[in-house]
Amino acid sequence: MISLDLFLRLNYLAGIMLFLIGLHTMLTHANLIKKVMGMNIMETGIFLFMVSIGYAHGTLSPIMRRGGPVQGLTYTNPLLAATVLTGIVIAVSTTAYALSLIVKLYEQCGTLDVDRLEKLRS
Amino acid sequence: MRQLPAFLLVVAIAYVLALALSEAPAFGRVDAPARNEVMRFYLDEECEQSGIPNTVTAIIFDYRGYDTMGEATVLFTAVGAAAAVLAGHSGTLVARPMAASDDVILRMVSRMVIPFVQIFGIYVIVYGHVSPGGGFAGGTILGGSMALYLFVFGPKRTVKKLPLAWGEIADGAAAFWYVLVGLGGILLGANFLANAAAGVPLGVRGQLFSGGTIWLIGLGVGVKVAATIINLLVHLAGET
């Protein structure tokens with residue numbers, strides 16, 4: 001049985017909720033721009049999840065002022081902050097490409113409704 | 001009629017994710033499994049190997065320089081694909097083509113704000129290795145200032161200020177600059193994108209010109225991201 005200790009994993013839960021909200025938006029809305037919005041909400045959830053893994057309570061940001069890492073002080077995980085950048089770049093690129101396709105589609109077909117576009121095809 | 005299957009699918013995925021979450025380690029623990037020897041390696045060795053205070057920038061532009069070059073290529077490909085799709089698109093068929101704003105307050109405020117935003121963006125790019133920031137963050141701020149100009153003054157004036165060809169030349173030149181810096185490592189007798197291993201002087205840690213190739217790569221990436229953002233928006237606004 002699932003036992004969720006919510007307050008211990010609140011950030012992870014928020015990331016998963018954003019992912020599910022975005023997924024539901026993508027699946028239920030017929031408008032293509034709203035589908036792209038849903039995709040972006042899903043990606044935001046994943047970014048929140050990733051940077052939350054890297055965080056730890058009572059740690060400093062990984063920027064060492066002088067003389068390297070100070071003994072006895074801990075820093076947040078820099079690796080997650082560096083790798084989430086890849087995800088953000090991919091998100092921007094896919095959104096831009098999807099939006100340019102949508103602009104072209106609207107010019108050609110005059111609608112962004114998926115149901116109407118399916119009827120137009122034949 | 002897609003409400004019910006979608007709801008069921010979301011509930012099923014939610015159940016699987018909740019199962020995984022119930023096994024996950026608690027948030028924010030110092031001894032979490034993600035804080036393993038890889039993180040400790042970066043935190044302990046980075047100051048010696050890259051010579052800059054900002055560990056995140058060192059990972060992005062030095063340790064994972066290849067990966068970042070791939071990201072720059074992804075941005076380049078996105079601009080190219082959007083330009084190819086939107087070729088011949090004039091914005092005339094769209095119901096309301098994008099025009100300049102008539103709002104006096106908006107125009108005056110953005111005219112005053114844009115120079116400061118651009119200076120802050122350049123600061124974040126140039127000081128990305130000694131303080132929070134970097135090429136991607138600063139390039140986004142710089143591109144955001146140009147996006148504000150586009151939204152307030154319209155695509156026609158934006159293209160008059162910054163011709164599309166200039167933006168695309170900056171985009172391609174920054175991507176090429178990254179490869180050139182990488183090839184410099186080979187010329188110096190080490191690997192592609194090698195920094196300290198190729199004998200590049202690291203300088204005094206914490207100063208502006210330090211960290212070897214990191215500063216050069218950060219500058220190129222900043223220009224590239226800013227050019228990508230404004231190119232994409234100008235293309236989408238129908239100014240080809």
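Proteins come first, then strands; the chains are lettered A, B, ... in the order of their sequence lines, and each starts at number 1.
Within the 4.5 Å cutoff, the side chain of Ile63(A) has no heavy atoms near those of the Ser131(B) side chain. Side-chain contact between Ile88(A) and Phe136(B) is absent, with no heavy-atom pair separated by less than 4.5 Å.
For chain B, no part of Ala98(A) is nearby; none of its heavy atoms comes within less than 4.5 Å. Heavy atoms closer than 4.5 Å to chain A are found nowhere in Asp31(B), neither backbone nor side chain. Residue Val225(B) does not touch chain A at all, counting heavy-atom pairs closer than 4.5 Å. Proximity to chain B involves both the backbone and the side chain of Thr28(A), based on heavy atoms less than 4.5 angstrom apart. Heavy atoms of Tyr55(A) lying under 4.5 Å from chain B belong to its backbone as well as its side chain. Contact annotation for Glu46(B): only side-chain heavy atoms (C-beta onward) come within less than 4.5 Å of a heavy atom of chain A. Contact of Leu9(B) with chain A is made through the side chain alone, with heavy-atom distances under 4.5 Å. The contact between Leu17(B) and chain A is made by backbone and side chain atoms together, counting heavy-atom distances below 4.5 Å.
Within the model, atoms OG1 of Thr83(A) and CD1 of Ile60(B) stand 9.0 Å from one another, a figure rounded to the nearest 0.5 Å. Between atom CD of residue Glu71(B) and atom OG1 of residue Thr86(A) there is a gap of 3.5 Å, rounded to the nearest 0.5 Å. Rounded to the nearest 0.5 angstrom, Ile52(B) CD1 and Met64(A) CE are separated by 10.5 Å. One finds the CG atom of Leu43(B) at 8.0 Å from the OG1 atom of Thr76(A) (value rounded to the nearest 0.5 Å). Interatomic distance, His24(A) NE2 to Ile13(B) CD1, rounded to the nearest 0.5 Å: 11.5 Å. With rounding to the nearest 0.5 angstrom, the CG atom of Asn54(B) is 8.0 Å from the OG atom of Ser61(A).
Remark: Phe7(B) CZ is loosely packed, at most 12 non-hydrogen atoms of other residues, nucleotides or ligands lying under 6.0 Å away.
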Next on the checklist: Please evaluate residues Thr55(B) and Tyr75(A) with respect to the criterion side chain to side chain contact (heavy atoms under 4.5 Å, CB included), reporting the C-alpha separation (whole Å), side-chain torsions for both, the decisive distance (0.1 Å), and the verdict.
Outcome noted: CA-CA 10 Å; Thr55(B) 314; Tyr75(A) 296 89; over 6 Å; no

Checklist entry - Run the side chain to side chain contact (heavy atoms under 4.5 Å, CB included) check on Leu85(A) and Arg64(B) step by step: do they pass? => result CA-CA 12 Å; Leu85(A) 186 76; Arg64(B) 293 176 170 250; over 6 Å; no

Item to check | Worked check of side chain to side chain contact (heavy atoms under 4.5 Å, CB included) between Tyr97(A) and Val85(B) | outcome: CA-CA 8 Å; Tyr97(A) 186 47; Val85(B) 168; 3.7 Å; yes

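In this structure, Ser93(A) and Leu75(B) approach most closely via the heavy-atom pair OG-CD2, 3.7 Å. Listed here is the closest heavy atom pair of Val30(B) and His57(A): CG2-O, 3.7 Å. Summarising the geometry of Arg9(A) relative to Pro25(B), their closest heavy-atom pair is NE-O, 4.0 Å, with the distance given to 0.1 Å. Nearest heavy atom pair, residue Val10(B) against residue Leu27(A), reads CG2-CD1, 4.3 Å.
Of the listed residues (Ala72(B), Ala34(B), Ala24(B), Pro132(B)), the greatest number of heavy-atom pairs within a distance under 4.5 Å of chain A belongs to Ala24(B). Of the listed residues (Ala78(B), Pro53(B), Ala32(B)), the greatest number of heavy-atom pairs within a distance under 4.5 Å of chain A belongs to Pro53(B). Taking chain B as the reference chain and counting heavy-atom pairs below 4.5 Å, the highest number among Pro78(A), Ala30(A), Ala81(A), Ser52(A) is found for Pro78(A).
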